[in-house]
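Working notes, beginning with the structure itself.
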Number of protein chains: 2
Amino acid sequence: MTKSRVTVVDIARAAGVSKSTVSLVLQASPLVNEQTRARVNAAIRDLGYVYNRGAANLRQTASSKIVGIVVNDLTNSFFAELAVGMDIVMQSAGFVQFLANTGESLDRQREVIASMREHGISGLIISPARGTDASDFKPLIAAGVPVVIVVRNIAGAKVSSLLSDNYAGARAATEHLIALGHRRIAFLGGFSDTAVSADRIDGYRDALVAAGLSADAALVVNSAPSRAGGVAAIERAMLIADRPTAALCFNDAVAFGVCDGLRTRSLEPGRDFGVVGFDDVIEAQTAVPALTTVSVDPQGMGRRAAQMLLKQINSGRVEAEAQVASVRLVVRQSCGTGAGQWGGGASHDTVAKDTMGTDRRQHDRA
Amino acid sequence: MTKSRVTVVDIARAAGVSKSTVSLVLQASPLVNEQTRARVNAAIRDLGYVYNRGAANLRQTASSKIVGIVVNDLTNSFFAELAVGMDIVMQSAGFVQFLANTGESLDRQREVIASMREHGISGLIISPARGTDASDFKPLIAAGVPVVIVVRNIAGAKVSSLLSDNYAGARAATEHLIALGHRRIAFLGGFSDTAVSADRIDGYRDALVAAGLSADAALVVNSAPSRAGGVAAIERAMLIADRPTAALCFNDAVAFGVCDGLRTRSLEPGRDFGVVGFDDVIEAQTAVPALTTVSVDPQGMGRRAAQMLLKQINSGRVEAEAQVASVRLVVRQSCGTGAGQWGGGASHDTVAKDTMGTDRRQHDRA
DNA sequence: CAGGATTATTGGATCGTTCCAAATAAGTCA
DNA sequence: TGACTTATTTGGAACGATCCAATAATCCTG
């Protein structure tokens, strides 16, 4: 009942040519006569032929036109947007993508990468789970599969990476809060054992000391990098003896959670407490108050990562390249603009600072 | 330089057996001697062999262990969670998934499905883009590829579907608002030309007329089913002569937008205006005020859809089955619980009503 | 110990496509 | 007309794993 598939041979028979000719037509080769081409194409339509890429991929020259994408938490808008950005570029390049969510599980990550390799991915973009080791990429490198690490750095991994300028972003955001008059500024959310978190905390600390403020370790509160984590973090932050008056949050999800937590204590974010996020997910603009945040442009980052991977796939050379995406502070309403007690700010979506570290490149040999 | 791949023949040579034996080991066949198996496995490890599923899939008996997932808008938490639910089930079943985002584009949808077919998916789960026609699934059906339609119904499509009970959910939510004393209730967001929207509006209307209230067509405001759309919808709703005092929103994203829009007008959702969402995405619980919404459990729905598809793939029979997932109204804070002017409600995450239409099944012949 | 059952192993042939070398057809030139 | 292009077309032989039928090795059992 499930009829056996239609193959090039069937097409060849129907069009009265050889399978080789059909193959040439499929590849849009200029060698084939126009009438023959038309006849073959008609047969293809009539018989409902579907190209079997798996068969074609057997010959070791071909590219599978499949890439793998591995992320930690698709329910986080940041990763969802990142994935959408990649999807856009991959789709228009004629690639199709495996997408897997690890939920920070190293086991799942390992399994999923293995599975993708069996299916012959020609490249991989990964936001590695916490605890991923540089050696985990060895087999991929040995097999000549291009890899692009995004968002989180893995020290010592000899593969390409695209990271945002976390240090500069956090520093600019902290400086903004200081300029508004804040003296007790907390850093909320995230786990400080990750590279991303460490970089942001460094930027935050350096801004504080540069302004002659003390970097009180108690003001750094770890929590899950999620909305729920933000609620928990602000609760703990409010128990600190000398309360903070503002916070730089690990990401926008945490920032939204912090706003929620403030409201349950009848504090209005922006008026009674300054909140800055990180990422600039779409909701950041429409939320009330609109979130002041460090814009990372997740979708753009996804597109860029996809382009980096495609470049490597197409060039054939696997040449590690480290790119840093610049970020910019977008000032909105969540830190008290207008007539707040911390002085007047700009009015609407003002870009305060652009980190100029864009596109520093660093090449390793293949 | 990119060394040619390691194949079963290489393993065979290294282990001093034939390729057939290696194949048996790969399939964990009990026919092979323990010592031989050990020797082969050692060779597999030593040479860094990776199984080539593409080659195996050539023989028409095998299943590709790949499924396709097509959604409209991954940046919407509802779809992201849906995808995560599917991912969980597929991963543990040893499947790997193509994921593509259509952004409601029929062209992209067509291309992406074609591409997935060329790569030999053994099944497809799709939340069809607006305007998808039942005939679009003909080729898939003819080829014996199981399809599960989720979220949005396509009338006349002879494939399985998993939909939520939109009518019952909307009706229950509307009845809840009426019970709280509301008389002018709006329906905000979504496009009424989609089946989902139509069903929800039907439930909303029927609840109104059953309560002896007039169903004023002006109170139904279309908009994009997004946060931004919600902002736009509430703005238009506030221009209506006889203003509504509450709204049932097309989905949670719209509901959040409505809350945002209310706040910019200095109206506090829950106190000054009743808001009910639809979907129950994760943020619904942590948002302030916590959103009263119709819980669809998107992740659970994703899991269930994945199971439906796997069942069909494994059984071999392609038997269309229509399932309706029951929904329940989760009462939280966004419609004025406690001492609101519309009477006291329950306190915390109360389940008000469970639609009992679960798992009505309807079989078509294969 | 012949014959039968059991246990392990193994050559092809096969899946659907690509690609090379070679063949054929058609035209060109002297 | 024969040699020589140029334009089309075409049989195989891969690619890597599976699977069937057949073989080889071992163990019974009367």
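Below, read A as the first sequence line, B as the second, and so on, with proteins coming before strands; counting in each chain starts at 1.
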Which residue lies more 5' along DNA chain C, comparing B:E34 with B:Q60 via nearest heavy atoms
B:E34

A:Y51 or B:A55, whichever maps to the more 5' nucleotide of DNA chain C:
B:A55

Picking from D:dC19, D:dT9, D:dA17, the nucleotide nearest the side-chain atoms of B:T61 would be D:dC19

Between A:N72 and A:S127, a side-chain donor and acceptor under 3.5 Å
yes

Could you tell me if B:Q27 and B:S23 have a donor-acceptor pair between their side chains, going purely by distance under 3.5 Å?
yes

CD1 (B:I69) and CE (B:M86) are apart, to the nearest 0.5 Å, by 5.5 Å

Could you tell me how far apart [X] ([atom1]) and [N] ([atom2]) are, to the nearest whole angstrom?
X     : N      : atom1 : atom2 : answer
B:R59 : C:dT17 : CZ    : P     : 15 Å
B:D10 : D:dC15 : CG    : P     : 11 Å
A:N57 : C:dC15 : CG    : C1'   : 14 Å
B:L31 : D:dA21 : CG    : P     : 15 Å
A:R37 : D:dA7  : CZ    : C1'   : 13 Å
B:K19 : C:dA13 : NZ    : P     : 11 Å
B:L58 : D:dC19 : CG    : C1'   : 14 Å
B:Q27 : D:dC19 : CD    : C1'   : 9 Å

When we call it a touch if two heavy atoms are under 4.0 Å apart, what does A:T7 touch: a base, just sugar-phosphate, or nothing?
sugar-phosphate

What contact category does B:V17 fall into here, base, sugar-phosphate, or nothing, at under 4.0 angstrom with non-hydrogen atoms?
sugar-phosphate

For B:S160, which of B:Q312, B:Q323, B:E321 qualifies under side chain to side chain donor-acceptor pair (under 3.5 Å)?
B:Q312

At under 4.0 Å, does any side-chain N or O of [X] touch on OP1 or OP2 of [N]?
X     : N      : answer
B:R5  : D:dG16 : yes
A:S23 : C:dT18 : yes
A:T36 : D:dT9  : yes

Has the side chain of B:S20 got a donor or acceptor atom sitting under 3.5 Å from an opposite partner on the base of C:dG11?
yes

Mapping B:V9 and A:L24 to their closest nucleotides on DNA chain D, which lands nearer the 5' end?
A:L24

Least distance between heavy atoms, B:R304 atom then B:V324 atom:
NH2-O, 3.8 Å

